[in-house]
Amino acid sequence: AEGVQPKLDADWKDGRTLYIKKVLDGAVTGWNKENKDRVIEAGDRIIAINGHFDDPKAMLAEVKAQKKLRLLVRTTRDLVAQ
């Protein structure tokens, strides 16, 4: 949802991505309810936010500065095409 924060517990120790440790109540939970075939969950990695990649600080700054976010997420799960 536009203007709603993603609210994730994330780790950026690798210096390149945001590793999702836990999904908290926010925009991602709304996304997950509407996109059951492409849920974002603990263990996934955010690779980019609004085109910012390889720089977790820049990605987090984008979350704070922008109301509309486009996330590129990598998962190890097999996603089934519907």
Side-chain angles (χ1 to χ4, degrees):
E2 191 171 324
V4 179
Q5 293 291 312
K7 297 195 181 173
L8 301 168
D9 181 6
D11 180 297
W12 47 292
K13 288 181 192 166
D14 71 355
R16 299 183 65 209
T17 65
L18 296 170
Y19 176 79
I20 301 170
K21 298 192 303 185
K22 185 176 181 181
V23 175
L24 306 172
D25 191 32
V28 173
T29 52
W31 164 269
N32 286 347
K33 287 176 187 173
E34 295 175 13
N35 298 277
K36 301 227 183 260
D37 59 330
R38 296 184 289 166
V39 297
I40 298 170
E41 60 187 22
D44 292 346
R45 287 190 181 273
I46 299 174
I47 306 301
I49 299 177
N50 291 355
H52 294 273
F53 60 94
D54 285 340
D55 186 347
K57 287 182 182 179
M59 288 191 268
L60 292 171
E62 193 70 8
V63 171
K64 291 178 183 173
Q66 301 299 323
K67 290 187 178 195
K68 191 169 184 179
L69 301 173
R70 182 177 204 102
L71 307 180
L72 177 60
V73 179
R74 181 177 69 206
T75 183
T76 57
R77 298 181 315 281
D78 288 332
L79 299 179
V80 179
Q82 301 276 329

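Source: prediction; values computed, not measured.
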**Prompt:** How long is the span from the CZ atom in Arg74 to the OH atom in Tyr19, to the nearest 0.5 Å?
**Reply:**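 The OH atom of Tyr19 is 11.0 Å from CZ of Arg74, to the nearest 0.5 Å.
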
**Prompt:** In Å, rounded to the nearest 0.5 Å, how long is the span from NZ of Lys13 to CG of Leu18?
**Reply:** 13.5 Å

**Request:** Apply side-chain hydrogen bond (donor to acceptor under 3.5 Å, both in side chains) to Asp54 and list each qualifying residue two or more places apart in sequence or on a separate chain.
**Result:**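 Here the qualifying residues are Arg16.
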
**Asked** Given a cutoff of under 4.5 Å between side-chain heavy atoms of I, L, V, M, F, W and Y, with clusters grown through shared members, what are the other residues clustered with Leu24?
**Response**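 ILVMFWY cluster around Leu24 holds nothing else.
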
**Asked** Transitive ILVMFWY cluster of Phe53 at side-chain heavy atoms under 4.5 Å: who else is in it?
**Response**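 Once heavy-atom contacts under 4.5 Å are chained together, Phe53 still belongs with nothing else.
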
**Fill in**
Lys57 meets the side chain to side chain contact (heavy atoms under 4.5 Å, CB included) criterion, sequence neighbours left out, with Trp12, Asp55

**Message:** Assigning hydrophobic clusters by single linkage (Ile, Leu, Val, Met, Phe, Trp, Tyr; side-chain heavy-atom cutoff under 4.5 Å), is Val63 placed with Val73?
**Reply:** yes

**Item:** N/O donor-acceptor pair under 3.5 Å between Asn35 side chain and Asp37 backbone
**Value:** no

**Item:** Test item: Trp31 side-chain N/O and Lys36 main-chain N/O as donor-acceptor pair under 3.5 Å
**Value:**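 No.
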
**Asked** With a 4.5 Å limit on heavy-atom distance, are the side chains of Ile20 and Asp9 in contact?
**Response**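 When only atoms from C-beta onward are counted, Asp9 and Ile20 do not touch, as no gap falls below 4.5 Å.
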
**Request:** Taking the side chain as every heavy atom from C-beta outward, state whether Val28 and Lys7 have any pair of such atoms under 4.5 Å apart.
**Result:**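 A side-chain contact under 4.5 Å is absent here.
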
For residues 39-51, tabulate all N or O donor-acceptor pairs below 3.5 Å that involve a side-chain atom, not counting sequence neighbours.
residue	atom	partner	partner atom	Å
Glu41	OE2	Arg77	NE	3.2
Glu41	OE2	Arg77	NH1	3.2
Asp44	OD1	Thr75	OG1	2.8
Asp44	OD1	Arg77	NH1	2.7
Asp44	OD2	Glu41	N	2.9
Asp44	OD2	Arg77	NH1	3.2
Arg45	NH1	Asp14	OD2	3.4
Arg45	NH1	Thr17	OG1	2.9
Asn50	OD1	Arg70	N	2.6
Asn50	ND2	Glu62	OE2	3.0
Asn50	ND2	Lys68	O	3.1

